[in-house]
Amino acid sequence: MDGNHSEATTPGRKGNLTGSARKLKDDAADWHNLILKWDRLNDEGSTTATKIVNCRISEKSVKEPDVVEEDGSSVAASERRVNKSSQELQEECVNLQNIVDKMAHVLSKMEKMVSAEKGICELEMFQYGAKGRPAPLFQTWSTQQFAEVSSRLYEAYRQELALKQTILQELAHTANTDLSMVYLSSWLYQPYIEDSTKLLLESLLMETGHRTL
Amino acid sequence: MSQEALLSLRQELRKCFRSLEASRTVWGSALEECSPLLSSLGNLAEQLRALKCVELLNTPLAKFPDLQERLQHKLTQAADTVLSKLTEKMDALQVVKDSISKQVFALFQLYEQNSDFLDLRSCVARSAISPSIADMLEWLQDAEYYYRVQYVQRSSLLQMLKPDDLTLMETAPKRWASLDSPSREERISDALFQVSFFLESE
């Protein structure tokens, strides 16, 4: 056990980690990768959402002149255009749905890590009692801290997903351009992911030796 | 003595025009990098305005805690980032402007020191391959003035911008573009064309 400790505290020697340290270090890497994936999906989704709003705007501007137009043929032509744009709108909505589904999948992986880390804490409680293990697994953090960081990260992304699901449902149905814009900026700027969230991730990576000073 | 003064003045003129030509390229590319920043600033202002106009409590977003403040913070932060990038670009423009001013100032100093030896006739004389010294001095002075004024106008436009003044931010891209002066730019490139033979004749 003691041998494990000294090896666990040496960052960069991946092969030697076992048990809880191995699991926590892998989780840290997973956090990094999942968040990267999330950010990519977020950019993709932002492009799609912008297309949806543009579709809606052009639809409105096509529909309006129809009221005054008397000529049957041009009405038919603009109707075709409306059909075409609503088809496009439908496609983009499906795209956005897919992106949100993928984000939900990312979140479910995050959730699994949170519960696994809770399990690690409970195991430690069982092994060492309320005081926890005598020496930290990596540099300074107690195992409890890993679980706390994971659940804080998870909370931020959970709130973001809920926001995105709402945007997905409402975006194509709103006629208010200001509200559409608020939806778009909420999507892109991710208001529930704060600077401190990014800092948490960086400290997690540093603690586990994925990042060096 | 007069011949010597004339020679050194011509040499200095060549140097000045060469560095003007180089500075002009640097200026142009720095300015080009500013326009996308300005338009994203205008865009952010539009988003902040939309956020202000929407009563979030009456929308499906009502259930999200402090969304308004959080989004406002994010957008303002983004605007700050763009503004600081613009400040960097302005620093680059200032370097260009300062170097042009310094060169032209030094040239005029040289001219004034030697003005006793330079007779009017040789200053206004021109040939097929060389414009007159008087003309060249004027062109350089005009160019220096142009960059100086451009810099002051553009930097004061940026200094007035604040993330909480949306109207100013929204109109910034337009006002920035209106500072462009193609005719004055053209006069500088005309001058550079006219001295091209003179620059080659050393």
Side-chain angles (χ1 to χ4, degrees), chain A residues 38-39 42-43 45-47 49-54 56-57 60 93 96-97 100 103 107 152-199, chain B residues 33 35-88 161-174 176:
Chain A
W38 176 283
D39 287 344
N42 191 55
D43 288 346
S46 175
T47 318
T50 313
K51 279 185 198 156
I52 292 175
V53 170
N54 287 340
R56 290 280 298 164
I57 291 169
K60 241 196 322 197
C93 287
L96 195 61
Q97 173 79 58
V100 171
M103 289 177 131
L107 191 76
R152 275 181 65 189
L153 287 173
Y154 170 71
E155 259 325 294
Y157 284 89
R158 192 188 57 81
Q159 189 69 278
E160 272 306 320
L161 184 71
L163 179 59
K164 285 179 166 37
Q165 279 162 339
T166 309
I167 295 172
L168 169 70
Q169 280 159 18
E170 303 296 333
L171 191 61
H173 300 291
T174 176
N176 179 343
T177 40
D178 280 339
L179 185 56
S180 301
M181 190 165 261
V182 172
Y183 284 141
L184 288 184
S185 31
S186 312
W187 182 291
L188 181 63
Y189 287 99
Q190 313 208 87
Y192 291 101
I193 297 172
E194 302 165 13
D195 291 343
S196 66
T197 322
K198 283 169 196 147
L199 196 63
Chain B
E33 286 163 19
S35 339
L37 291 174
L38 255 302
S39 64
S40 63
L41 204 59
N43 203 316
L44 283 166
E46 232 177 283
Q47 295 184 58
L48 278 163
R49 155 103 49 212
L51 182 62
K52 228 181 186 176
C53 293
V54 173
E55 195 65 58
L56 283 186
L57 286 179
N58 302 329
T59 71
L61 293 175
K63 59 184 171 200
F64 293 98
D66 5 290
L67 182 62
Q68 181 119 24
E69 292 80 1
R70 280 169 180 272
L71 194 54
Q72 168 128 16
H73 172 71
K74 285 267 179 171
L75 291 170
T76 317
Q77 204 180 23
D80 272 342
T81 314
V82 176
L83 276 174
S84 72
K85 276 189 198 152
L86 276 169
T87 316
E88 270 170 40
L161 295 181
K162 280 184 193 69
D164 47 353
D165 192 333
L166 293 182
T167 320
L168 273 182
M169 281 227 301
E170 272 171 320
T171 54
K174 255 197 182 152
W176 181 269

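Hydrogens, waters and symmetry mates play no part in the numbers below; they use all other heavy atoms, side chains included.
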Exercise for the section: Please state whether the side chain, the backbone, both or neither of B:K63 comes within less than 4.5 Å of a heavy atom of chain A. Expected result: side chain
Exercise for the section: Identify which part of B:L48 has an atom lying under 4.5 Å from any heavy atom of chain A, answering side chain, backbone, both or neither. Expected result: neither
Completion exercise
Pair count under 4.5 Å, heavy atoms only, with chain A: among B:T59, B:L67, B:D66, highest is B:L67
Region of [X] that comes under 4.5 Å of a non-hydrogen atom in chain B:
{"X": "A:Y192", "value": "both"}
{"X": "A:Q159", "value": "both"}
{"X": "A:S185", "value": "both"}

Handout entry: Top contributor to chain B interface from A:L179, A:T174, A:T177 [non-hydrogen pairs under 4.5 Å]
Key = A:L179
Completion exercise
Interatomic distance, OG1@B:T76 vs CG@B:L51, rounded to 0.5 Å, equals 9.0 Å
Exercise for the section: Taking all heavy atoms of A:D39 and all of A:Q190, pick out the closest pair and write down the distance. Expected result: OD1-NE2, 3.7 Å
Practice task
Can you label the angle between the A:W38 ring and the A:Y157 ring as parallel, tilted or perpendicular, going by 30° and 60°?
Solution key: perpendicular
Handout entry: Check: A:D195/B:Q77 side-chain N/O donor and acceptor closer than 3.5 Å
Key = yes
Problem - A:S46 side chain vs A:N42 backbone, donor-acceptor pair below 3.5 Å - result: no
Handout entry: Under-4.0 Å salt bridge between A:E155 and A:R158
Key = yes
